[in-house]
Amino acid sequence: MLRTSIYNSVRFSATLSPRCSRPAVSHYLYRGSIRLMSSQQAYEFILVSRPEPSVVLVTLNRPKSLNALSSPLFKELNHALEEADKDDSVGAMVLTGSERAFAAGADIKEMKDKQYADVYKNKFLEDWAQIVRLRKPLIAAVSGYALGGGCELALMCDIILASPTAKFGQPEINLGVIPGGGGSQRLIHAIGKSRTMELVLTGRNFTAQEAAQWGMVSRVVGEGEGEVVKEAVSMAKEIASKSQIAVQAGKEVVNAAYEMTLAEGLRFERRIFHGLFATNDQKEGMAAFAEKRKPNFTHS
């Protein structure tokens, strides 16, 4: 389980490089003291905090490389999110980067000298997929560049909120390769074949506004620094106030739609819906509605 403790904003800012831009979360969290999560593992490339008792916020923290996604960073990210997913006090999670870059891509310096035998035998990038196995919702709060692996990381999240500065893209074609972290596969579900084909084959970037028009992101949020993180934390808090069992069931049935035919999906949805009638939260939620009061979910 994860424990929380109180740190002031000066302690938080001391973890950042003085030469580099603050994480996108800074405007929101620097207004007062925050709860930071302490874990048995000290993280070098991410920051983990509790802006709300029921919400975990993970901030990518490689500012000098625009949060390039290295294997060590992903190892830390997977560990932190898995810990949060196991913590019964956590209802939802938020993932963000800096104002300048959510993540500008995978770490090219790490990849450039790798050989086929190495990447194939060691299943390079396969551990990225651990994120999609999380039971609890993960919201991406994207500002600045989300290119290549950064775009793929956002697509792995359950909900994407974007600031007006967000720029997405799959520019791998310019490096003589293709997306390797699921970009071509997840984009086509989000924006269709023609747009995905254009983006994968040309490598052009696209704006937050385009991503919203195409349905890839839920919406473009705010104008000020940190506003997208503030909105993501607020949404996560709202989700965390619901029955955790129902929330996880809702995530499961929505994701199932990608793998099943409509008929199979409808049948699966009904079965999960029926199963929720065995929970205390279903009884409490419907009783509270009938009695015109706020439900007190026990996540049981």
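Keep in mind that this is a model prediction, so the values were computed, not measured.
Glu99 places no side-chain N or O within donor-acceptor distance of the main-chain N or O of Ser143, the cut-off being under 3.5 Å. Listed for the Thr196 side chain is a donor-acceptor partner under 3.5 Å among the backbone atoms of Gly192. Put simply, the side chain of Asp281 gets close to the backbone of Thr298: a donor and an acceptor are under 3.5 Å apart. Although no hydrogens or angles enter the test, the distance criterion places no donor-acceptor pair under 3.5 Å between the side chain of Gln170 and the main chain of Cys151. Not one N or O on the side chain of Asn205 forms a donor-acceptor pair closer than 3.5 Å with the backbone of Gly169. Under a 3.5 Å cut-off, the side chain of Arg50 and the backbone N or O of Pro53 do form a donor-acceptor pair. Put simply, the side chain of Glu152 gets close to the backbone of Gly181: a donor and an acceptor are under 3.5 Å apart.
Residue Leu155 is grouped with residue Leu73 when hydrophobic side chains (ILVMFWY) are merged at heavy-atom distances under 4.5 angstrom, including chains of intermediate members. A continuous path of ILVMFWY side-chain contacts below 4.5 Å connects Ile46 to Val142, so both sit in one hydrophobic cluster. Ile239 and Val221 fall within a single hydrophobic cluster, where Ile, Leu, Val, Met, Phe, Trp and Tyr side chains are chained together by heavy-atom contacts under 4.5 Å. A continuous path of ILVMFWY side-chain contacts below 4.5 Å connects Leu125 to Val177, so both sit in one hydrophobic cluster. Cluster annotation: Met216 and Val200 are assigned to distinct hydrophobic clusters (Ile/Leu/Val/Met/Phe/Trp/Tyr, side-chain heavy-atom contacts under 4.5 Å, transitive).
Between Thr279 and Lys283 there is no side-chain heavy-atom pair separated by less than 4.5 Å. A 4.5 Å side-chain heavy-atom check between Ile131 and Phe74 finds at least one atom pair inside the cut-off. Between Leu276 and Ile245 there is a side-chain heavy-atom pair separated by less than 4.5 Å. Two residues are said to be in side-chain contact when any heavy atoms from C-beta on lie closer than 4.5 Å; Val247 and Pro137 meet this criterion. Put simply, the side chain of Asp88 does not reach to within 4.5 Å of the side chain of His299, judged on heavy atoms. Two residues are said to be in side-chain contact when any heavy atoms from C-beta on lie closer than 4.5 Å; Glu110 and Phe124 meet this criterion. Using a 4.5 Å heavy-atom threshold, the side chains of Thr96 and Leu57 count as touching. Side-chain contact check for Gln209 versus Trp214: every heavy-atom pair is 4.5 Å or farther apart.
Side chains of Glu264 and Thr261: a donor-acceptor N/O pair is present below 3.5 angstrom, by distance only. If you check the side chains of Asn280 and Ser300, you find a donor sitting under 3.5 Å from an acceptor. There is a side-chain donor-acceptor pair under 3.5 Å between Asp87 and Ser89.
Taking the six-membered ring where the residue is Trp, Phe168 and Phe206 present parallel rings, their angle staying beneath 30° rather than reaching 60°. Between Tyr120 and Tyr116, the angle of the ring planes stays under 30°, which puts this pair in the parallel group of the 30/60° scheme.
Checking each of Val229, Ile139, Leu60 against Leu95 for a side-chain contact (heavy atoms from CB on, under 4.5 Å) leaves exactly one that passes, namely Leu60.
The shortest non-hydrogen separation linking Ile178 to Glu172 is C-CB, 3.6 Å. Considering every non-hydrogen atom in both Cys157 and Ala140, the closest pair reads SG-CB, 3.7 Å. When all heavy atoms are compared, the tightest approach of Val220 to Ala212 is CG2-CB, 3.9 Å. Nearest approach of Phe45 to Glu76, heavy atoms of both residues: N-OE1, 2.8 Å. Contact between Lys294 and Ala288 at its shortest, heavy atoms only, is C-CB, 4.1 Å. The two atoms that bring Ala106 and Trp128 nearest to each other are CB-CH2, 4.1 Å, heavy atoms only.
Asp107 contributes atom CG, which lies 5.5 Å from atom OG of Ser70 (distance to the nearest 0.5 angstrom). Rounding to the nearest 0.5 angstrom, the gap separating the CG atom in Leu69 from the CZ atom in Phe102 is 8.0 Å. For the atom pair Leu77 CG and Glu82 CD, the distance stands at 11.5 Å (nearest 0.5 Å). Going from atom CG of Leu81 over to atom CE of Met156 covers 11.5 Å, rounded to the nearest 0.5 Å. Atom OG in Ser241 sits 8.0 Å away from atom CZ in Phe297 (nearest 0.5 Å). Rounding to the nearest 0.5 Å gives a distance of 13.5 Å between CG of Asn67 and OH of Tyr145.
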Audit row: Asp127, Lys75, salt bridge (Lys or Arg N to Asp or Glu O under 4.0 Å) steps and yes/no: CA-CA 8 Å; Asp127 60 340; Lys75 183 176 181 180; over 6 Å; no
Candidate pair Val132 and Arg186, rule side chain to side chain contact (heavy atoms under 4.5 Å, CB included), full reasoning: CA-CA 12 Å; Val132 302; Arg186 292 190 175 94; 3.4 Å; yes
Side chain to side chain contact (heavy atoms under 4.5 Å, CB included) assessment of Met93 paired with Val55: CA-CA 6 Å; Met93 298 163 280; Val55 176; over 6 Å; no
Candidate pair Val119 and Gln115, rule side chain to side chain contact (heavy atoms under 4.5 Å, CB included), full reasoning: CA-CA 6 Å; Val119 295; Gln115 299 294 322; over 6 Å; no
Glu210/Lys167 under salt bridge (Lys or Arg N to Asp or Glu O under 4.0 Å): CA gap, chis, key distance, verdict: CA-CA 9 Å; Glu210 286 177 296; Lys167 283 188 169 50; over 6 Å; no
Derivation and outcome, salt bridge (Lys or Arg N to Asp or Glu O under 4.0 Å), residues Arg293 and Glu284: CA-CA 10 Å; Arg293 61 175 174 82; Glu284 169 62 14; 2.7 Å; yes
CA sep, side-chain torsions, deciding dist, call: Lys136, Asp85, salt bridge (Lys or Arg N to Asp or Glu O under 4.0 Å): CA-CA 6 Å; Lys136 297 173 184 176; Asp85 204 44; 5.2 Å; no
CA sep, side-chain torsions, deciding dist, call: Leu175, Ile108, side chain to side chain contact (heavy atoms under 4.5 Å, CB included): CA-CA 9 Å; Leu175 302 176; Ile108 305 301; 3.5 Å; yes
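The neighbour count for Met260 CE, taken as heavy atoms of other residues, nucleotides or ligands under 6.0 Å away, is above 12. Under a cut-off of 6.0 angstrom, the local environment of NZ in Lys251 is crowded, with over 12 non-hydrogen atoms contributed by other residues, nucleotides or ligands.
We find that Glu252 and Arg135 are not joined by a salt bridge, their nearest charged nitrogen and carboxylate oxygen being 4.0 Å or further apart. Remark: Lys123 does not engage Asp118 in a salt bridge, criterion side-chain N to carboxylate O under 4.0 Å.
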